[in-house]
2 protein chains.
Amino acid sequence: MAETIFSPAATTSLERRGLRDRVYDLVLDMLMSSSIEAGTRLSIDAIARDLNVSPTPVREALVQLERTGLVTREAHKGYRVAPPIADDQLEALFDARVVLESGATALAARTPETLIPVLEDALADHTTVMERVQNSPGSGEMPVELIREYFAVDWNFHHLIFEGARNPFLLDMSEAISTRVHRMRQTVKTGVSDALEAVTEHRAVLDALTVSPDAAAQAMREHIDKVRERSRRDAARQASNTAR
Amino acid sequence: MAETIFSPAATTSLERRGLRDRVYDLVLDMLMSSSIEAGTRLSIDAIARDLNVSPTPVREALVQLERTGLVTREAHKGYRVAPPIADDQLEALFDARVVLESGATALAARTPETLIPVLEDALADHTTVMERVQNSPGSGEMPVELIREYFAVDWNFHHLIFEGARNPFLLDMSEAISTRVHRMRQTVKTGVSDALEAVTEHRAVLDALTVSPDAAAQAMREHIDKVRERSRRDAARQASNTAR
DNA sequence: TTTTCCAATATCCTATAGGAATACCTGGAT
DNA sequence: ATCCAGGTATTCCTATAGGATATTGGAAAA
């Protein structure tokens with residue numbers, strides 16, 4: 001335990017109000033943004049010291065994080081960063097995504113007049129960022145900020161569909177999914193190479209919304225299955241690289 | 001705040017090991033079993049005193065409960081028993097059930113050879129308890145223990161399908177659903193009058209499993225939609241009764 | 001009689017301290 | 001050289017205390 005995990009600026013930002021939720025957000029950002037090694041110990045006292053708070057709100061935040069699956073807990077042994085998505089778990093994650101997102105798409109398609117405009121805006125943003133990704137230097141450095149921005153606009157399309165379903169239960173479940181998807185993207189280096197295909201498939205979903213709920217659900221199912229195929233391919237390529 | 005919520009026997013059972021999970025189980029049982037009035041304050045200190053523990057594990061258990069939706073929290077105002085499922089939320093709950101359970105059924109149907117035997121056993125238990133419910137005195141007292149037993153075997157069928165899907169993400173989500181369903185059954189007095197229909201529809205799902213995953217998913221979807229219809233009817237009848 | 005304001009109480013939120021269990025490291029024996 | 005044992009240190013878990021905030025009750029005024 002050498003240096004602190006959090007930047008000094010973060011500590012000053014939380015001042016002295018609403019500690020528990022703010023600690024949760026900070027730890028969540030820390031887990032999402034920087035790629036933390038799996039299995040890293042998340043010491044309650046250390047986090048509390050770094051954030052200048054008492055261990056109690058940190059403990060509450062970690063309990064909340066535990067239910068998201070980002071951290072694991074062993075009794076009397078403390079919290080650790082959850083292990084990366086295993087291969088079989090990755091298939092299960094995509095299965096769950098297909099079930100949830102195609103279902104949410106069918107529900108959201110019941111009110112297309114309010115859904116389509118916001119999705120058009122989201123897809124326009126997605127397209128803009130995609131073009132910037134395409135125009136970035138083909139090989140070599142890709143700004144991490146651009147990658148983060150791309151992931152945000154990409155997922156925003158899916159998130160808006162969950163919101164469009166107007167179902168609090170499915171919305172809660174979408175959060176559980178989004179954290180896993182985000183974490184998967186840290187381990188499996190994909191999601192930027194298929195930007196053009198993603199935009200195309202999102203467009204297909206949006207067009208299918210004007211046809212029927214079933215068509216929209218089917219389009220979403222096909223989109224996620226294609227993402228699954230690309231992830232399989234990238235995971236295999238990545239495995240062969242590390243094995244070299 | 002007059003008398004204690006918990007029975008004296010409960011306090012002695014937790015002794016002095018693994019407090020947080022045990023407190024969680026106790027509070028969960030308390031919320032599930034006895035029908036607590038919605039909006040009842042869940043005082044951290046009071047629970048801690050009743051259970052002879054410090055407020056810290058109680059606080060952690062309540063954070064965990066909060067994410068299940070059984071309790072609500074307002075900052076600087078404490079925890080309360082979550083309000084009963086509102087009418088629109090009830091429709092949303094059934095929508096979510098249709099999405100999740102039909103999807104889980106399709107996934108579980110991929111391995112029918114391991115799934116069908118356990119479901120046959122579960123359905124046999126369900127049938128047995130159903131007959132006991134039918135033979136109980138038609139009007140008047142229905143033993144609360146029998147009702148609880150019926151709910152258990154009924155939900156067990158659904159739960160086994162979630163387990164059969166072998167998908168940890170969907171399994172987690174099923175817990176979020178089950179708590180809501182159980183709580184709904186406390187407010188809307190249904191689920192015992194349609195025992196025969198429930199068994200019949202479960203049998204239809206089981207038979208469809210031998211046909212194809214899509215057929216099984218469709219059967220589950222129809223089952224939940226029929227439960228939804230019966231709940232609507234019972235809710236309307238109940239509303240007319242209270243309005244009288 | 002009703003409304004409003006104020007004070008007292010209870011509760012939550014945060015901080016600090018002590019006991020217990022686990023992990024790590026060092027020294028010795030095989 | 002390797003394995004085991006013991007001690008030390010870190011960390012988690014629980015308990016208690018103090019400050020801040022919301023709720024409740026009563027009293028006074030309209």
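Because the structure is predicted, anything quoted here is derived from the model rather than measured. Naming: A, B, ... by sequence-line order, numbering from 1 per chain. Just so it is clear, the values below take in all heavy atoms, side chains as well, and ignore hydrogens, waters and symmetry mates.
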List for me each residue that meets side-chain hydrogen bond (donor to acceptor under 3.5 Å, both in side chains) alongside A/Q64, sequence neighbours excluded, and say none if there are none.
-> none
Pairs flagged by side-chain hydrogen bond (donor to acceptor under 3.5 Å, both in side chains) wherever residues 53-63 of chain B is involved - sequence neighbours left out = A/R59-B/E60, A/E60-B/R59
Taking only N and O in the side chain of B/S54, is any of them less than 4.0 Å away from OP1 or OP2 of D/dA15?
-> yes
Below 4.0 Å: OP1/OP2 of C/dC13 and any side-chain N or O of A/T56 = no
Pairs flagged by salt bridge (charged side-chain N to carboxylate O under 4.0 Å, His left out) wherever residues 157-180 of chain A is involved - sequence neighbours left out = none
Terminal axis angle for the helix from C/dT1-D/dA30 to C/dT30-D/dA1, five pairs an end, nearest 10 degrees = 20°
Taking salt bridge (Lys or Arg N to Asp or Glu O under 4.0 Å) as the test, write out the residues that go with B/E74, two or more places apart.
-> B/K77
Do A/D154 and A/R185 sit within salt-bridge range, that is, some charged N less than 4.0 Å from a carboxylate O?
-> yes
Salt bridge (Lys or Arg N to Asp or Glu O under 4.0 Å) involving A/R232 - partner list, sequence neighbours excluded | A/E91, A/E229
Can you check the B/I44 CD1 to C/dA10 C1' distance for me, whole Å?
-> 13 Å
Grab the OH-P distance between B/Y79 and C/dA10 for me, whole Å please.
-> 22 Å
Can a side chain N or O of A/S43 be found less than 4.0 Å away from OP1 or OP2 on D/dT10?
-> no
Starting at CG of A/N52 and ending at P of C/dT16, how long is that distance when rounded to a whole Å?
-> 10 Å
Return the value, rounded to whole Å, for the distance between atom CZ of B/R20 and atom C1' of D/dC12.
-> 12 Å
The ring-ring contact (aromatic ring centres under 6.0 Å, His included) partners of B/F157 (sequence neighbours excluded) come to B/H202
Nearest-neighbour nucleotide for the A/R73 side chain, C/dA15, D/dC13, D/dT16 considered = D/dC13
Using atom CZ of A/R22 as one end and atom P of C/dC13 as the other, report the distance to the nearest whole Å.
-> 15 Å
Measure from CZ on B/R49 to P on D/dT16 and round the result to the nearest Å.
-> 13 Å
With sequence neighbours left out, the residues meeting side-chain hydrogen bond (donor to acceptor under 3.5 Å, both in side chains) with B/Y24 are none
Return the set of residues passing side-chain hydrogen bond (donor to acceptor under 3.5 Å, both in side chains) with A/E149 (not counting sequence neighbours), or none when no residue passes.
-> A/R132
Taking only heavy atoms on the protein side, list every residue of residues 58-66 of chain A lying under 4.0 Å from any atom of DNA chain C, sorted numerically.
-> none
Pair B/E101 + B/R228: basic N to acidic O under 4.0 Å | no
Tell me which nucleotide among D/dC12, C/dT14, C/dT11 gets nearest to the side chain of B/D45.
-> C/dT11
Across all chains, not counting sequence neighbours, the salt bridge (Lys or Arg N to Asp or Glu O under 4.0 Å) partners of B/D125 are none
Set out, line by line, the N/O atom pairs under 3.5 Å between protein and nucleotides 21-24 of chain D.
unit_1: D/dT23; atom_1: OP1; unit_2: B/K77; atom_2: NZ; d: 3.1

